[in-house]
There are 2 protein chains.
Amino acid sequence: MKRTRNTVQRRAVLDSLLALPGHPTAADVFGHVRESYPNLSLATVYRALHALVEQGAVLEMRVENVSRYDGGQTPHHHVVCRACGAVADAPAEALPTPVLGNLERASGFVLDRHPVQFTGICPQCVEPAARE
Amino acid sequence: MKRTRNTVQRRAVLDSLLALPGHPTAADVFGHVRESYPNLSLATVYRALHALVEQGAVLEMRVENVSRYDGGQTPHHHVVCRACGAVADAPAEALPTPVLGNLERASGFVLDRHPVQFTGICPQCVEPAARE
DNA sequence: TTCCATGCAAACGTTTTGCATTTCG
DNA sequence: CGAAATGCAAAACGTTTGCATGGAA
């Protein structure tokens with residue numbers, strides 16, 4: 001296992017990620033972390049986030065060409081609004097394990113137990129979308 | 001509903017998409033379509049693919065910052081290999097409808113019935129990954 | 001004749017990288 | 001000390017867009 005150094009910047013990035021609501025982008029984290037560390041560079045944010053993802057402390061998800069990061073502790077799934085890009089969480093229990101078993105049998109893959117990404121329309125967008 | 005013109009380029013893009021195996025990227029489609037239409041531009045490929053997605057003839061999915069397109073007829077789900085990026089299909093039946101109901105109740109979203117994106121490890125990557 | 005579609009090249013936003021320097025261990 | 005992390009700026013990447021021209025309806 002590769003060792004990683006315990007720098008202020010790394011801790012700051014993780015702190016910001018945890019402090020931000022929802023599923024922040026690298027730019028969100030950058031903006032937040034800069035309030036306390038004005039010299040911390042965007043490149044460092046990316047490098048820190050990658051390190052965190054690699055050690056499994058943080059989840060990365062892609063929505064519309066942007067990476068979003070999730071410091072989430074509890075296993076859960078993601079529902080993404082196809083209309084506005086909003087991302088919400090759903091509890092892991094909402095997707096029973098046997099279903100993943102089905103999919104593994106059908107696909108031959110060994111599937112991750114959590115974050116599965118669903119798409120749909122969020123409550124705020126449902127009404128406007130219905131008018132189409 | 002917006003009308004769209006029936007140009008050679010559009011047909012060529014759709015033909016290439018359907019001719020290519022798997023879930024080609026815009027660049028893949030571009031490469032293939034260029035064999036028959038050397039002057040067709042990448043911008044046109046993108047515009048044609050967007051048009052097709054909008055009319056619902058084609059599905060778009062994002063894997064690692066790249067859009068992949070799926071001319072798929074049959075409703076199905078996608079399993080993405082976290083290690084190598086491979087994408088495979090799983091039949092829609094592998095994910096029972098009541099499960100989506102659960103998730104809708106839990107999240108408040110109205111979810112799409114298909115392509116749900118799962119991540120995991122594909123058969124080719126399973127063995128190497130186990131050695132870690 | 002209208003106006004949507006095309007080709008080209010330039011622009012865009014996100015993410016990565018090269019390199020000299022700093023800092024952790 | 002040696003290795004890894006940083007800051008900065010430049011580059012890379014996939015994708016989108018402005019504009020003049022071309023072609024379907």
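To find a chain, count down the sequence lines: A is the first, B the second, and so on, and within it residues start at 1.
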Need the bend value for the helix from C/dT1-D/dA25 to C/dG25-D/dC1: angle between end axes, 5 pairs each end, nearest 10°. 40°
Mind checking B/T25 for me? I need base, sugar-phosphate or nothing, with any heavy atom below 4.0 Å counting as a touch. nothing
Map B/L40 and B/N65 onto DNA chain C by nearest heavy atom, then report which one ends up closer to the 5' terminus. B/L40
Atom-pair distance (CG on B/L14; P on C/dA5), nearest Å: 15 Å
Which listed nucleotide (C/dG7, D/dT17, C/dG25) is nearest to the side chain of A/R5? C/dG25
Verify the contact: side-chain N or O of A/Y46 to OP1 or OP2 of C/dT16, cut-off strictly under 4.0 Å; return yes or no. no
Assign each of B/A48 and A/R47 to its nearest nucleotide of DNA chain C by heavy atoms, then name whichever residue's nucleotide is nearer the 5' end. B/A48
Considering heavy-atom distances to DNA chain D, does A/P38 or B/H50 have its closest nucleotide positioned more toward the 5' end? A/P38
Could you please name the option among C/dG7, D/dT16, D/dT6 that lies closest to any side-chain atom of B/S41? C/dG7
Specify the separation, in whole Å, of atom CD of B/E54 and atom P of D/dT16. 12 Å
For A/R62 and A/S67, what are the C-alpha separation, side-chain angles and deciding distance, and is it a side-chain hydrogen bond (donor to acceptor under 3.5 Å, both in side chains)? CA-CA 5 Å; A/R62 308 262 184 179; A/S67 282; 3.1 Å; yes
Indicate yes or no: at least one non-hydrogen side-chain atom of B/L95 is less than 4.5 angstrom from one of A/N102. no
If you compare every side-chain N and O of B/Q9 against the phosphate oxygens of D/dG23 (OP1, OP2), does one of them come in below 4.0 Å? no
For the residue pair A/H32 and A/D15, confirm or rule out a side-chain donor-acceptor distance under 3.5 Å. no
Could you tell me how far apart A/F30 (CZ) and C/dG13 (C1') are, to the nearest whole angstrom? 14 Å
Please report, rounded to the nearest Å, how far the P atom of C/dT14 is from the CD atom of A/E64. 12 Å
With respect to the side chain of B/A43, which nucleotide from D/dT17, C/dC24, D/dA25 is positioned closest? D/dT17
Whole angstroms only, please: what is the CG-P distance between A/D28 and C/dT15? 10 Å
If you compare every side-chain N and O of B/R10 against the phosphate oxygens of C/dT6 (OP1, OP2), does one of them come in below 4.0 Å? yes
Can you check whether A/T7 has a side-chain N or O nearer than 4.0 Å to OP1 or OP2 of D/dT6? yes
Tell me whether B/E104 contacts the main-chain N or O of B/L111 through its side chain, where contact means a donor paired with an acceptor under 3.5 Å. yes
Thinking salt bridges, do B/R47 and B/E54 make one under a 4.0 Å N-O criterion? no
Salt-bridge present (B/E93, A/R105; N to O < 4.0 Å): no
Given that B/V66 and B/N6 both sit by DNA chain D, which one's nearest nucleotide is further toward the 5' end? B/V66
Can you check the B/L42 CG to C/dA11 P distance for me, whole Å? 17 Å
Among side-chain atoms of B/D28 and B/H23, is any donor-acceptor pair under 3.5 angstrom? no
Please report, rounded to the nearest Å, how far the P atom of D/dT6 is from the CZ atom of A/R11. 11 Å
Rounded off to whole Å, could you give me the CD-to-C1' distance for the A/E60 and C/dT15 pair? 10 Å
Please list all pairs passing the side chain to side chain donor-acceptor pair (under 3.5 Å) test where one or both residues lie in residues 34-43 of chain A, with sequence neighbours left out. A/S41-A/T44
